[in-house]
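Okay, so here's the structure we're looking at.
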There are 2 protein chains.
Amino acid sequence: MAVYTQLSAETLSDLISHYDVGELVSAKGIAEGISNSNWLVETTTSRFILTMYERRIDIADLPFFLGLLDHLSAKGLPVPRTIHDTSGAASRMIDGKAVALIEFLPGVSIDNPTPSQAHNVGAVLARLHLAADDYPGRRTNDLGPDTSLHVLEQCGAEALARIDAELPEMLPMARSIAADWPKDLPRSVIHSDLFPDNVLMLGDEVSGLIDFYFACHDMTAYDLAVTHAAWSFDHDGRSFRSDIGSALIGGYQSVRALSVAERAAMPILARGACMRFISSRTQDWIDTPTDALVTRKDPMDFVRRLQFYQSNGAELFA
Amino acid sequence: MAVYTQLSAETLSDLISHYDVGELVSAKGIAEGISNSNWLVETTTSRFILTMYERRIDIADLPFFLGLLDHLSAKGLPVPRTIHDTSGAASRMIDGKAVALIEFLPGVSIDNPTPSQAHNVGAVLARLHLAADDYPGRRTNDLGPDTSLHVLEQCGAEALARIDAELPEMLPMARSIAADWPKDLPRSVIHSDLFPDNVLMLGDEVSGLIDFYFACHDMTAYDLAVTHAAWSFDHDGRSFRSDIGSALIGGYQSVRALSVAERAAMPILARGACMRFISSRTQDWIDTPTDALVTRKDPMDFVRRLQFYQSNGAELFA
């Protein structure tokens, strides 16, 4: 959520000259993206998002991510295209860091979705899963239930208890989720981080899906479970909005019906989705000094969601 | 240099509905401005900068700042107009904080200016001083040499020495600058912070002057001295670029000739300009924890500039 690197106007102009997009008119560092620097760049022909990959992202994965944008965009999904430079490359290097120029899409991220908006998000997620099915790139999910368990075990019960007295209860829960994790459900490329921040909307319509830097091959129903957990609760996870949850699943199934096995797996997939964010937020919580200016996200927000799914998942997804 | 406040799409849409600018299409928090939050906002009709005034800025001064933008813009200066809401107000309140919608101007900030660019910056600064002369608003400079001296005395020689062994030498220097500060030079509204960050350029042309939140009534030659100190050195103040300094003053005088008294005062005005930034940076340095993620600006960058002016000011401005 920050611009980590300063790029001079001279460096930006030089970069832009390697693309067939006209001349630089304006560039503003924008407070968007996790662990990347982003600029909203205007040229004499159009507007773009320039992303510099700072950390967390393995440069070897960039062709997977950038090719996926092009693949989905070519299939009519509201996904920004990668702009290729005049030599055809999807990314370039500046001072040892990879950068990519990406299409600018209109729209704003919604804080309090309506059922109609949630329906359309569900529908576009299903379209994404269908459109990505023949994408040739491959990337495994390195944030699955085994990783969540490992992260929490590395933190240890004592450190967890210092954050919240209820957090150590997640250790046996993470073990049981990892042990019972489904294996034979339909797979495709999934977004795996489709929070409202990563969806641009114009009115009720989805105008953009962005930030594919957690995309990977995994179970499509798991992606729906992540999206359900990300959209159907108030921020702190205390209150479930059943109208949003139902609209999201209804929208998804209006495009791609869930199989009986997928429906049956939804409760554990939803708990696993929560555990994935509990573990990463717990790690960030421990790694971030309390006086740092970065806002730490409270892992308990997703503990509450997990507890909700634990109590209500069976009937919710029946 | 950060977005301090999160504004939901719903809040932004509601805000935009109070202006005659169409409907919200996009809003990106931008990493710009000191102590303000800023968004680049796109509507169905145009683009704007939305500024939320977080701190440091006295809300009582807002009519002065926003009216000044309109005054200068109406006189043909490349200054962004304030967009007034449908009731005619230049600012509105959101959650107890003032916000203003401001025209978006193209251009990028230059790191390494050419003499031709510096000439045009000097010329536009002189045009600003002439155009602002009949602006009816009034605001005194609260960052003059007495303030610089007071700030450094409050820090104390010990704290200064902990930053740099040479910094305590600034105390007697600040006393002598405050004592000898000129009083009877021509005055107008001055920008007083015209660093390259606050100038947008398209090629050699100045396309925008921004961030007027230090503007005040003071000596116009002092504003030229601030701009000279801000533009004519490498970042750390170690090397003076005489071609840039000459071009800046030449550009200024191509529009408004300096009087004999102003030329004679330039060396002390330049030292006073440096002292103003030495004092504020010193205070920020002491107030900012070393492990904060905010980059502290080294006060020594301007100590070196001051030392340069001390040694060379007389012949430089002769």
Side-chain angles (χ1 to χ4, degrees), chain A residues 1-16 23-33 37-44 47 49-50 104-114 117 196-197 199-203 205 207-208 210 235 288-295, chain B residues 1-16 23-33 37-44 47-49 104-114 117 196-197 199-203 205 207-208 210 235 288-295:
Chain A
M1 291 288 291
V3 176
Y4 293 86
T5 298
Q6 299 292 328
L7 287 184
S8 72
E10 295 81 352
T11 303
L12 282 166
S13 286
D14 177 68
L15 176 75
I16 294 300
E23 284 172 31
L24 184 65
V25 170
S26 173
K28 307 280 186 197
I30 58 176
E32 216 159 270
S37 296
N38 288 280
W39 291 262
L40 178 46
V41 167
E42 179 173 345
T43 71
T44 42
R47 267 166 293 149
I49 302 291
L50 174 68
F104 171 85
L105 293 180
V108 289
S109 296
I110 301 295
D111 261 23
N112 294 300
T114 63
Q117 290 171 325
D197 279 1
V199 177
L200 301 174
M201 306 201 81
L202 285 172
E205 303 304 317
S207 56
I210 60 175
H235 283 296
T288 308
T290 47
D291 57 353
L293 293 178
V294 172
T295 308
Chain B
M1 288 287 291
V3 177
Y4 294 87
T5 299
Q6 299 292 328
L7 287 184
S8 72
E10 295 81 351
T11 302
L12 282 166
S13 286
D14 177 68
L15 176 75
I16 293 300
E23 283 171 32
L24 184 65
V25 170
S26 173
K28 307 280 186 198
I30 59 175
E32 215 159 270
S37 296
N38 288 279
W39 291 262
L40 178 46
V41 168
E42 180 173 345
T43 71
T44 43
R47 268 166 293 148
F48 306 94
I49 301 292
F104 171 85
L105 294 180
V108 290
S109 296
I110 301 295
D111 261 23
N112 293 301
T114 63
Q117 289 172 325
D197 279 0
V199 177
L200 301 174
M201 306 201 81
L202 285 172
E205 303 304 316
S207 56
I210 60 174
H235 283 295
T288 307
T290 47
D291 57 353
L293 293 177
V294 170
T295 307

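All chains are named by letter (A, B, ...) in the order of the sequence lines, taking the proteins before the strands, and each is independently numbered beginning at 1.
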Between [X] and [Y], what is the shortest heavy-atom contact and its length?
| X | Y | answer |
| --- | --- | --- |
| B/Val108 | A/Leu24 | CG1-CD2, 3.8 Å |
| A/Asp111 | B/Glu10 | N-OE2, 3.4 Å |
| B/Ala9 | A/Ser109 | CB-O, 3.0 Å |

Which atoms of A/Ser8 approach chain B - backbone, side chain, both or neither, heavy atom under 4.5 Å: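 A/Ser8 touches chain B through backbone and side-chain heavy atoms alike.
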
Heavy-atom proximity to chain B below 4.5 Å, by part of A/Leu202: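 For A/Leu202, the side chain is the part near chain B, not the backbone.
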
Toward chain A, the part of B/Ile110 with a non-hydrogen atom under 4.5 Å: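 For B/Ile110, backbone and side chain are both near chain A.
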
Max heavy-atom pair count under 4.5 Å with chain B, selected residue of A/Gly107, A/Pro106, A/Ala27: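 Winner by heavy-atom pair count: A/Gly107.
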
Between CG on residue B/Asn38 and NZ on residue A/Lys28, distance to nearest 0.5 Å: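 One gets 9.0 Å once the value is rounded to the nearest 0.5 Å.
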
